[in-house]
Amino acid sequence: MADVYDWITFMDEKYFPEQIENKWQQRWRETGVFEAKTDDPREKFYCLEMLPYPSGFLHMGHVRNYSIGDALAWFKRLQGFNVLHPIGWDSFGQPAEQAAIKRGVNPRDWTEENIAHMRGQLQRLGMSYDWSREIAAHRPDYYKWDQWFFLKMLERGLAYKKVSQVNWCPKEQTVLSNEQSSGGLCWRCGTRVEKRDLEQWFLRITDYAEQLVADMKQIDARWPDKVLKRQSDWVGRSEGAFIDFAVKDSNKKIRVFTTRIDTIFGANAIVLSAEHPLLTELLQGSALKQDVDAFAEKVKSERTPDRETGEEEKEGLNTGVLAINPFSGEILPVWVANYVLMEYGTGAVMSVPAHDERDFEFAQKYSLPIRQVIAPVSHEQMNAEPVPTTAGDASAEMKHSFTDYGVLINSGEWGGKLSKVAIAEMAAHAKKNGFGEAAVTYRIRDWGVSRQRFWGAPVPVIYCDKCGMAPVPYEQLPVMLPENAAFTGTGESPLAGVPEFVNTTCPQCHGPARRETDTMDTFVDSSWYFFRYLDPHNDAAPFDTRMAKQWTPVDQYIGGDSHAVMHLIYTRFWTKFMRDIGLVPFDEPVKSLLTQGMVTNRIEGTDEWKAMSKSLGNGVDPDEMIAAFGADATRLFVLFAAPVENELRWSESGIEGAVRFLRRVYTMVWRWRERLSQPGQIEPSDVESSPEGRALRRKTHQTIAKITSDFEQLHLNTSVAALMELFNQVAEFNADPATAPAEDVFAVREALEALVIMLAPFSPHIAEEMWEGLGHTGGLLQDVARWPVADPELARREELEIPIQVNGKLRSRVIAAPDVSEEDLRTSALADERVRALIQGREVVKVIVVPRRLVNVVIR
RNA sequence: GCGAAAGUGGCGGAAUUGGCAGACGCGCCAGACUUAGGAUCUGGUACCGAAAGGUGUGGGGGUUCGAGUCCCCCCUUUCGCACCA
């Protein structure tokens, strides 16, 4: 294949994308220009895109993701950074196993074939990856380190096993983490998840809940707000207090969590969740026990989140148990109700209907008393002196709960205090008297990582009847997946059916023992993969800590926002753990995050734009685009068509426009190549340029300045627009290569070389070809090629066209020098013929002069 | 229901952050070259108006010499959340 193109050494007259792209892809492979060297003294830049799942085919979303990353990688390389730009495969997971179940293929062979095909696609797109660092999660030299990390967590008590109610996807026959079943739907197939009691492995991400929130301030300048917001909501940090309500005629206490301890005098009941453990204890011997049990069972069975039908009606039952309000001494009934969740807080709440919407609704339904204990205060009062207790009318008919802060009434000695004062003082009072304390709770739950699947990293644990559970010794890693599992898709791990895998010896007593048959969630693999790129062949450690110091944190991470609370929160957690075991010296793995928008296409015959997908039949095959238009044009269009964070609506005519542009540039360079590649160039200082030549140079330097600053913010669409503008100006320059004077040739060379270099991040093959055509050998990444630097002197306009407004309406323009004084500008504006006509007979009230910008004459 | 973001030509989108609205491209119209055009090149293209001129950034109000940009109300769309005590 390569031989076919060997004869093409120089630029062809016509633009043939396929030839150029093949030529340069081969050249890059041979020279290894994209391989990052650790000992390179230049400043590093780690450019990372989310690694793909090897489904078999690249889709346009990938093309967009990698085009953005590749543009940045090229930009940084051309600026002289030592760029690390790797890629790999998130190759464990469901589809390989589904293929095994349905078609009997070997999941490893299936995966490797897919990787080979997709690697070819990425190479045909000309993505500038360092292929020497490629990794794949399903290979033992990778998942060995998943297991190593698991053991490290086990040692530190961060991995543990417990029976718990877990999210179960009935379609996929496996457990899902909370993050993967957000909204009650399976993240992968959208099936409604069920709850099951199973013994499962968990990672104690909750130990890091506070850091996951607090450390956001280290990254918030360069992560999208919406991602941080979602993570913050997911962690669900909430400040409040625990309060113990003693149970009457018992030594038991019911602990509640509240954020509004200031409303405690308004409590009319304690409400327990149906799963609350005290429920059975407190009702021993009660006449109501049967009714309560039946009610609790009913609630549990109905507790499947249901988005479509909205909220469930609140239902509850009085248990007959009584509790004592520790602040007021009041006796309160204890209820059980469906709206109190065991997973949050303590699974018990104090019901304060006057000041909580849910409690209000509940009290209305069951005719419970409603007592107002917070009175509204004006904004000024909130920040000023406490107001004296107003005589709150306890019997006042409330139509809604009042949930704002205010001033306490009907609250004994606390009456008259402002909410925010009372919240602190009452928590301190509770602590002093031993019935509570200020507390912070989190919504996030520990990360359930057990999966009843084959195609994942086996959990490296052994069970021995004598010794109990034992970790697999480090030197025995990896625990390899067996070759001969049967894929039934029945909910038990296929590993359990492989005796050679299950049966082993106990590392402690050397007696017979059994291996754990659960595998790990694939999000474990992706939590730390980008550290493995630093040192992909290390067989003594996941990576060398010196490599981590050299390359990480990631400078720019690019991917879809669908992972805002899955991958991106797990990887932050994992990094903090790696820090705690001394592997990395920082808290956050990613300095700057870009979440790119989806690629959508019209659904045939409708006006709807939806994400490209096989099932909707609106997918576009990248290979077809490359064949029809070339990789360069495909990439250029994808980056030009919309800002990177927006949805991108696919358009075939748009991509044709990209080809047209590339062809025009190519033809222009072709026309000039002979003149420009001649030796004996003149320097700009040698000559007095024509006004047109100076204008072209000005445009060149303005464009350099614009694109350079656009790149820092990844405003790639406007960068492409600026390249097109520069090209248009070169085209208008209209000099004849054969006869143009030396100074014009200089201006053209400067413009075209800047254009070619700045095009490289978008369309690297054609840029390389044109660079060579302009007489440079050795490729763009040789030392001669550098990202151009804008000269502010040359970029500055020689004259300004200043708009003149009269009463805010544009009426005229005047030409002025860039350093024109305000006074001169004012004078020439007032002297303007059209302005004079308008102000005739009117009074000039004032004249606003914005230096270098505009003049506005205000008349009456 | 709660929360957040966003509404600019036929379309994707620009607008140095309060200073010439519509850059750049797509599409469309006209012309040139062509046996031909779904190729290429040239010109035009926010709206109303014959023109002068006027009107325009979802609607309404406000601040300002000046508002796409800031403030208030409303409408619409998109996204996120799902009883979080």
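Residue numbering restarts at 1 for every chain, and letters A, B, ... go by the order of the sequence lines.
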Could you name each residue pair satisfying salt bridge (Lys or Arg N to Asp or Glu O under 4.0 Å) that touches residues 845-859 of chain A, not counting sequence neighbours? none
Reckon A:Arg660 has a side-chain N or O less than 4.0 Å from the OP1 or OP2 of B:rC26? yes
Tell me which one of A:Thr258, A:Asp262, A:Thr263 satisfies side chain to side chain donor-acceptor pair (under 3.5 Å) with A:Arg260. A:Asp262
Touch class at under 4.0 angstrom, heavy-atom based, for A:Gly236 against every strand present: nothing
Under the salt bridge (Lys or Arg N to Asp or Glu O under 4.0 Å) definition, can you give me all pairs with a residue in residues 715-735 of chain A, not counting sequence neighbours? A:Lys699-A:Glu725
Residues from residues 849-859 of chain A sitting under 4.0 Å of RNA chain B, heavy atoms only? A:Val850, A:Arg853, A:Leu854, A:Asn856, A:Val858
Taking the six-membered ring of A:Tyr339 as reference, does the cationic atom of A:Lys314 (NZ for Lys, CZ for Arg) lie under 6.0 Å from its centre and within 45° of its axis? yes
Which residues within residues 713-726 of chain A lie with some heavy atom under 4.0 Å of an atom in RNA chain B? A:Asn717, A:Thr718, A:Ala721, A:Met724, A:Glu725
Result for side-chain contact (heavy atoms from CB on, under 4.5 Å) between A:Leu825 and one of A:Ile804, A:Val850, A:Leu830, A:Ile802 points to A:Ile802
At 4.0 Å (heavy atoms only), tell me whether A:Arg663 reaches a base, stays on the sugar-phosphate, or touches nothing. sugar-phosphate
Heavy atoms under 4.0 Å, any strand shown: does A:Glu647 hit a base, just sugar-phosphate, or nothing? sugar-phosphate
P atom, B:rC79 versus B:rG13: distance in rounded Å? 15 Å
Mind checking if A:Arg230 touches a base, just sugar-phosphate, or nothing, with heavy atoms under 4.0 Å? sugar-phosphate
How is A:Asp359 classified with respect to the nucleic acid when contacts are heavy atoms under 4.0 Å: base, sugar-phosphate, or nothing? nothing
What's A:Asn728 touching, base or sugar-phosphate or nothing? Going by heavy atoms closer than 4.0 Å. sugar-phosphate
What residues, two or more places apart in sequence or in another chain, satisfy ring-ring contact (aromatic ring centres under 6.0 Å, His included) together with A:Phe16? none
Ring centres under 6.0 angstrom apart (A:Phe295, A:Trp335): no
Side-chain donor/acceptor of A:Lys314 to base of B:rC83, under 3.5 Å: yes
Quick one: label A:Lys809 by what it contacts on the DNA or RNA (base, sugar-phosphate, nothing), any heavy atom closer than 4.0 Å. sugar-phosphate
In terms of side-chain geometry, is the basic nitrogen of A:Asp832 or A:Arg836 positioned less than 4.0 Å from the acidic oxygen of its partner? no
What stem regions, each of at least 3 consecutive Watson-Crick or G-U pairs below 3.5 Å, can be found for RNA chain B? B:1-7 with B:75-81, B:10-12 with B:24-26, B:27-32 with B:40-45, B:46-48 with B:53-55, B:58-62 with B:70-74
Please report the distance, rounded to the nearest Å, between CD1 in A:Ile848 and P in B:rC20. 15 Å
Is the distance between the ring centroids of A:Phe435 and A:Phe327 less than 6.0 Å? yes
